[in-house]
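Note sheet for the following structure.
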Number of protein chains: 2
Amino acid sequence: MQIGELSARTGASVRMLRYYEEQGLLEPRRTESGYRTYAESDVDRVARIRCMLSAALPAGVVGKTLRFLLDGRPVIPEEPAERARLAATLSDELAALTDKIAALERSRDLLAQIVADVRGSVVGPGSPGDPGHAEDYRAVRKAGPAVGVAG
Amino acid sequence: MQIGELSARTGASVRMLRYYEEQGLLEPRRTESGYRTYAESDVDRVARIRCMLSAALPAGVVGKTLRFLLDGRPVIPEEPAERARLAATLSDELAALTDKIAALERSRDLLAQIVADVRGSVVGPGSPGDPGHAEDYRAVRKAGPAVGVAG
DNA sequence: CTAAAGCCTCACACCGACGTTAGAGTCAAG
DNA sequence: CTTGACTCTAACGTCGGTGTGAGGCTTTAG
C-alpha cells in the first residue's frame with residue numbers, strides 16, 4: 001500500500017504519515033525508486049498513533065508503546081537491568097497517564113454541571129440572596145485539580 | 001497578591017501567568033503603577049487552568065469554563081437564543097471530552113498490559129510458536145481507537 | 001540617596017504537530 | 001512519447017505554550 005492509500009484509509013494527511021515516520025513511529029519499506037510501502041497492520045497502527053497524540057501523550061511514550069505493537073508482539077530487552085529501567089519508565093508514564101485521566105474526569109464533571117445549569121437555568125440576573133448552584137461548583141473545585149500538573 | 005507570590009504558590013512561572021492573562025484566562029487588577037494584583041481565588045483558578053491545559057483541552061473551552069468559575073457563580077447570557085447556543089457549544093465540548101477520556105483509558109489499559117508483561121516477562125527471545133500475550137494486545141487494540149480523533 | 005529586588009512591556013526563539021509550497025522523479029494510461 | 005496523478009525531499013510558515021532576555025519603572029531596605 002502506498003502513502004496515499006494509507007492516508008485515505010486512516011484520515012491522516014500524507015504529511016502526517018511522513019512526520020510519524022520521521023519520529024520513528026512508522027517504518028514503511030521502500031521500493032527501489034524510494035516510494036514508501038505500508039503493511040495492512042499500519043492502518044491500525046496509525047489509528048492508535050493519532051489517538052494517543054490527540055490525547056497529548058508524550059511522543060516518547062507513544063513510540064515506546066508502539067514498539068510493542070509492531071506485530072502484536074513485544075520486543076523486550078534481554079538484559080534484566082535494561083528491562084527494569086524500561087519497566088520503571090513505562091510505569092511512570094502509566095502513573096502520569098492515570099493522573100491526567102483523573103484530572104480530565106474532574107474537568108468533565110465540572111463541564112457537565114455547567115451545561116446542566118445553562119440548560120435548566122435557574123440563573124438570570126439572579127436574586128442576590130440566592131445561593132444557586134454555587135456550592136456545586138465549589139464542590140467540584142474542591143475535589144479540584146490536586147494533580148501535580150506534571151510538567 | 002503580586003505576580004511573584006502567585007507564581008510561587010501555584011508553581012506556574014511568571015511568564016505563564018502573564019500568558020494566561022493575555023489569553024483571557026485571568027483578569028488581575030492593576031495598581032496605579034501597573035502592577036498586577038491577584039485575588040486569593042486566583043490560586044485555585046491557576047491550578048485549574050494548568051490542569052486543563054496540560055490535558056490538551058481546547059483553549060476556548062478553558063476560557064468559557066473558567067468564566068463560570070469566576071466567583072463560583074456563572075455569568076449566563078439572558079437572551080434564550082444565545083444561551084441555547086452556549087449550551088450547545090459546551091455540550092459538544094463535553095462530548096469531545098468524554099470521547100477523549102475513553103481513548104485515554106484504552107491507552108492506559110494497553111500501557112498497563114505492557115508494563116505487566118515487561119515485569120513478569122515470559123518473553124525473552126521467544127519460542128517462535130509461543131503466542132505469548134499477543135492476543136491481549138490485540139484485544140486492547142480491537143477495543144481500540146475508534147474515537148474520531150477529533151481534529 | 002542608592003542599591004537590590006521585583007515588576008512592567010516588547011520581542012525573539014524554541015518545540016511539537018502539523019499545513020503548504022516548490023522542484024523533481026516515477027508510473028500507468030492513452 | 002506525453003500527460004496527469006502520485007510520489008519524493010527540502011524548506012518555510014503557523015499556532016499554542018513556554019523560556020529568555022533587554023531596557024525601563026517601582027518599591028523596599030539600608
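Quick note on labels: first sequence line is chain A, next is B, and so on, each numbered from 1. Note that the coordinates shown come from a computational prediction; the quantities given were computed from them, not determined experimentally.
For D:dT9, the OP1/OP2 oxygens have a side-chain nitrogen or oxygen of A:R30 closer than 4.0 Å. Contact annotation: B:Y20 reaches the phosphate of D:dT18 (side-chain N/O to OP1 or OP2, under 4.0 Å).
When every heavy atom of B:E21 is checked against every heavy atom of B:Y38, the shortest pair comes out as OE1-OH, 4.2 Å. In plain terms, the two heavy atoms of A:M1 and A:A39 that are nearest each other are CE-O, 3.6 Å.
Here C:dA17 is the nucleotide among C:dT9, C:dA17, D:dT18 with the atom lying nearest to any side-chain atom of A:Y19.
With hydrogens and angles ignored, the 3.5 Å screen pairs a side-chain donor or acceptor of A:R50 with a backbone N or O of A:G11. Using modelled atom types, no side-chain atom of B:S7 and backbone atom of B:I3 make a donor-acceptor pair closer than 3.5 Å. One N or O on the side chain of A:S13 and one on the backbone of A:M16 form a donor-acceptor pair closer than 3.5 Å.
Whole-Å rounding puts the A:L25 CG to C:dG16 P distance at 12 Å.
Rounded to 10°, the helix from C:dC1-D:dG30 to C:dG30-D:dC1 has 10° between the axis fitted to its first five pairs and the one fitted to its last five.
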A correct 5'-to-3' footprint of nucleotides 20-30 of chain C, with B, S and - meaning base, sugar-phosphate only and no protein heavy atom under 4.0 Å, is B----BBS---

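Applying the 6.0 Å contact sphere to CZ of A:R30 captures more than 12 heavy atoms from other residues, nucleotides or ligands.
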